[in-house]
Amino acid sequence: MNRRTILTLAAALLLSACTGTGAASKGADADAPDDPAKVSGTITVLTVRTDLVQDGTMDKYAAEFNKTYPKVKVEFQALTNYESEIKIRMNTENYGDVLLIPAVVEKDDYPKFFASLGSQEERREKYRFTDFTTVDGKVYGQSPVGVAPGFVYNKRVWKEAGITEWPTTPDEFLADLKAIGSRTDATPYYTNFAAQWPLTSWTYVNGSVGCDTGATTELAEGNPWAEGADLRVGDTLLHDIVKQGLAEKDPTTTNWEASKTRLAKGEIATQWLGTWAIVQFRDAARKAGVNPDDIGFMPFPAQVDGEFCAVVAPDYNQAVNIHSEHKEAARAWIDWFTDESGYVEDNLAISPLQDAPLPEVLRPYEVQGVKLIEVDDAQGAKVKQIDNESEVGIYKPDYRQDLVDLARGARDGDLDGFLDDLGRRWTDTQKSLGS
C-alpha cells in the first residue's frame, strides 16, 4: 500500500467517523437574521489567512461587523496547513462555527457537515458560483471572492527582454521565457515546488485552454490527458518549462514567501498562480521599495477564435458548522463578510456578487478582450470521486511534483508515458464507477 493510498484511507476514516453525528442534523439550515440587534453569541471563524490574523486585519473586520451585530463576538483561528488540520478536527463536532469547506469532503456529504444557506434558486439571483456547493437544490457554502488562474509576472522584466505582447500559444510562451533567460538576469519561471500547493494551480488551466464551460463535465466523462485536452496542454507546458532549463535550478529549495519579493524585484519573471496572488505580490513590492505596478497578470497562452479565455471560480467557500450552537450569528458573519466587509476590494479580487464590476487589476483583461467564463460544476462531485479513487490527485501536488522531477531528470520515463498513465488510471476508474 503506497503513501497516497494510506493518506486517502486515513482521511476517509476520519470523516466517516463523524457521519453518524452529522446525519442526525441533516437538513439543518442557517437562516439569515431578521433583526441584527437580536443576534448574539461567540463564534469561532477558521481561516487560512494567517497573515491577516497576525497583523490585526481580521480583528478590524470584526470591529466593523460589530457595528451591525453588537452582540456577536468573533474569534479567529488561522490554520497554517488548513487541509491537514481541518480533516482531523472534523472527526469531532468542534470544527469552528464558520469554516472553509475543505477539499477532502465529498460534495454529496456537505449536508452532513454544514448547515444550508438557502435554496440555489434564490441565492443564484444575487451570487455567482452557487452550483459549486449545491446539493439537492440547497447551497452549503459561499465564497467571499472569485478567482481566475493566470501568470503573475514582472512587466518590467518582460519588457526588458523585448516582449510587448502576451504570448498566444505555449510555444510562444516558451520562446518568451528563453528571451528572458538570455536578455535579463531573472529566473524566467519559478515552480514553487517545495511549497507543493502552488503546483495544484495548474489544474485550473482546465476550461481556460479550450474556453469550455463544460470542462468539468469532460473531466467526469472523458480522458483529461487525451491529445489536445486542457490538462495535457497545461502539464506539457509545465514539463517543457523545466525540461528546457527555464525554471529555477533546484526546485527542492524554492521558498514561497521569498518568491513574492524576488518576483517583485525582478529576480523572478513569472509564476502560474491566480488573481488572489496579485495583492500579495504588490504588497511585497511596496515592502521591498520597488514599483508595485510592475506586477502584471496574464492568461494562459491559448486562444479560441482569436480570444483568450479565463475561468472564474470561487476561492474557498465559507460554511456554517451544522453542529454550531450559534448558526444565526455564523450566518450573519458569512453574509456580512461577503456583501459588506470590503474584503473583495481589499484583495483586488473578483466579487461573487452578480452585478459587481471587475477589479482594477483585471482592466488589462478588458482591454485585451479576455473572455471570462464560469464552468458548470454539476459533475464536480463525480470528478472528485474519480480523482480520489484513481489516486491521480489533480487537486493535490504529488503528480505534478513527479512531473517536474521527470522533466529535470530526477525520475525515469518520458512525458507521453507519464501522461498516458494518468489517463489510463483515470478512465479505468470511470469504468469501475460506471461513468
Could you state the interatomic distance from CD (Gln271) to OH (Tyr153), rounded to the nearest 0.5 Å? 14.5 Å
Hey, does Leu403 have a side-chain heavy atom less than 4.5 Å from the side chain of Val242? no
Restricting to non-hydrogen atoms, name the atom on Asn321 and the atom on Gly96 that form the minimum distance, rounded to 0.1 Å. ND2-O, 2.8 Å
Which residues satisfy the salt bridge (charged side-chain N to carboxylate O under 4.0 Å, His left out) test with Asp59, sequence neighbours excluded? none
Sole candidate of Asp355, Asp339, Thr338 that passes side-chain hydrogen bond (donor to acceptor under 3.5 Å, both in side chains) when paired with Lys126: Asp339
Exercise: identify the closest heavy-atom pair between Ile295 and Arg282: O-NH2, 3.4 Å
Between Leu100 and Tyr82, which heavy-atom pair has the shortest distance, and what is it? O-OH, 2.6 Å
Qualifying side-chain hydrogen bond (donor to acceptor under 3.5 Å, both in side chains) pairs with a residue from residues 173-186, counting only residues at least two apart or across chains: Lys178-Gln244
Quick one: side-chain hydrogen bond (donor to acceptor under 3.5 Å, both in side chains) pairs with a partner in residues 367-377, sequence neighbours left out? Lys107-Asp377
Distance (rounded to the nearest 0.5 Å) between Tyr189 OH and Leu246 CG: 11.5 Å
Under 4.5 Å between any side-chain heavy atoms of Phe113 and Tyr140, yes or no? no
Decide yes or no for Lys87 and Pro102: does some side-chain heavy atom of the first lie under 4.5 Å from some side-chain heavy atom of the second? no
Should the ring pair Trp256 and Phe281 be called parallel, tilted or perpendicular, given that the plane angle runs from 0 to 90° and is split at 30 and 60? perpendicular
For the side chain of Ser116 and the backbone of Gly118, is there at least one donor-acceptor N/O pair under 3.5 Å apart? yes
Please, which pairs that meet ring-ring contact (aromatic ring centres under 6.0 Å, His included) have at least one residue in residues 349-381, sequence neighbours excluded? Trp166-Tyr365, Phe297-Tyr365
Could you tell me the separation between the OG atom of Ser432 and the CD1 atom of Ile386, rounded to the nearest 0.5 Å? 8.5 Å
Tell me if a side-chain donor or acceptor on Asp294 pairs with a main-chain N or O of Asn154 at a distance below 3.5 Å. no
We want to know whether Asp171 and Thr169 form a side-chain donor-acceptor pair, criterion being a heavy-atom distance below 3.5 angstrom. no
Under 4.5 Å between any side-chain heavy atoms of Arg400 and Asp235, yes or no? yes
Using 30° and 60° as the class limits, which term best fits the ring planes of Trp336 and Phe65: parallel, tilted or perpendicular? perpendicular
Glu165 atom CD: more than 12 heavy-atom contacts under 6.0 Å: no
Is it true that, when you exclude Asp305 itself, more than 12 heavy atoms of the residues, nucleotides or ligands shown sit nearer than 6.0 Å to its CG? no
Between Asn206 (side chain only) and Leu231 (backbone N and O only), is there a donor and an acceptor less than 3.5 Å apart? no
Full working for side chain to side chain contact (heavy atoms under 4.5 Å, CB included) between Leu199 and Gln401: CA-CA 8 Å; Leu199 289 170; Gln401 283 197 312; 3.5 Å; yes
A side-chain contact here means heavy atoms from C-beta on lying under 4.5 Å apart; do Pro251 and Arg408 qualify? yes
Distance-only, no hydrogens or angles: does the Glu83 side chain make a donor-acceptor pair with backbone N or O of Ala103 under 3.5 Å? yes
Sequence neighbours excluded, the answer for salt bridge (charged side-chain N to carboxylate O under 4.0 Å, His left out) partners of Glu125 is none
Hey, is the main chain of Ser143 close enough, under 3.5 Å, to the side chain of Gln318 for a donor-acceptor pair? no
Return yes if some donor-acceptor pair links the side-chain N/O of Thr270 with the main-chain N/O of Pro188 below 3.5 Å, else return no. yes
Determine all donor-acceptor pairs shorter than 3.5 Å in which one atom belongs to a side chain in residues 44-53; sequence neighbours excluded.
{"unit_1": "Thr47", "atom_1": "OG1", "unit_2": "Arg49", "atom_2": "N", "d": "2.9"}
{"unit_1": "Arg49", "atom_1": "NE", "unit_2": "Asp51", "atom_2": "OD1", "d": "3.0"}
{"unit_1": "Arg49", "atom_1": "NH1", "unit_2": "Tyr343", "atom_2": "OH", "d": "3.1"}
{"unit_1": "Arg49", "atom_1": "NH1", "unit_2": "Asn347", "atom_2": "OD1", "d": "3.2"}
{"unit_1": "Arg49", "atom_1": "NH2", "unit_2": "Asp51", "atom_2": "OD2", "d": "2.9"}

Flag the pair Asp230 / Trp225 as yes when at least one side-chain heavy-atom distance between them is below 4.5 Å, and no otherwise. no
With no hydrogens and no angle check, is any side-chain donor or acceptor of Asp387 less than 3.5 Å from a backbone partner on Ile394? yes
Looking at Ala288 and Thr261, what are the two nearest heavy atoms and their distance? CB-CG2, 4.0 Å
Counting heavy atoms not belonging to Asp412, are there more than 12 under 6.0 Å from its CG? no
Does some side-chain heavy atom of Tyr204 sit less than 4.5 Å from a side-chain heavy atom of Phe300? no
Could you tell me whether a side-chain N or O of Asp421 sits under 3.5 Å from a main-chain N or O of Gly417, the two making a donor and an acceptor? no
If every non-hydrogen atom of Pro149 is compared with every non-hydrogen atom of Trp272, which pair is closest and at what distance? CB-CZ2, 3.5 Å
If only atom types and distance count, is the side chain of Gln142 paired as donor or acceptor with the main-chain N or O of Asp335 below 3.5 Å? no
Charged N to carboxylate O under 4.0 angstrom, Lys382 versus Asp108? no
Electrostatic pair Arg286:Asp283 at N-O distance under 4.0 angstrom: yes
Treating Lys327 as the side-chain partner and Ser324 as the backbone partner, does any N or O pair qualify as donor plus acceptor under 3.5 Å? yes
Check: Glu64 and Tyr61 side chains under 4.5 Å, non-hydrogen atoms: no
Any idea how Trp333 and Phe337 line up, ring-wise: parallel (<30°), tilted (30 to 60°), or perpendicular (>60°)? parallel
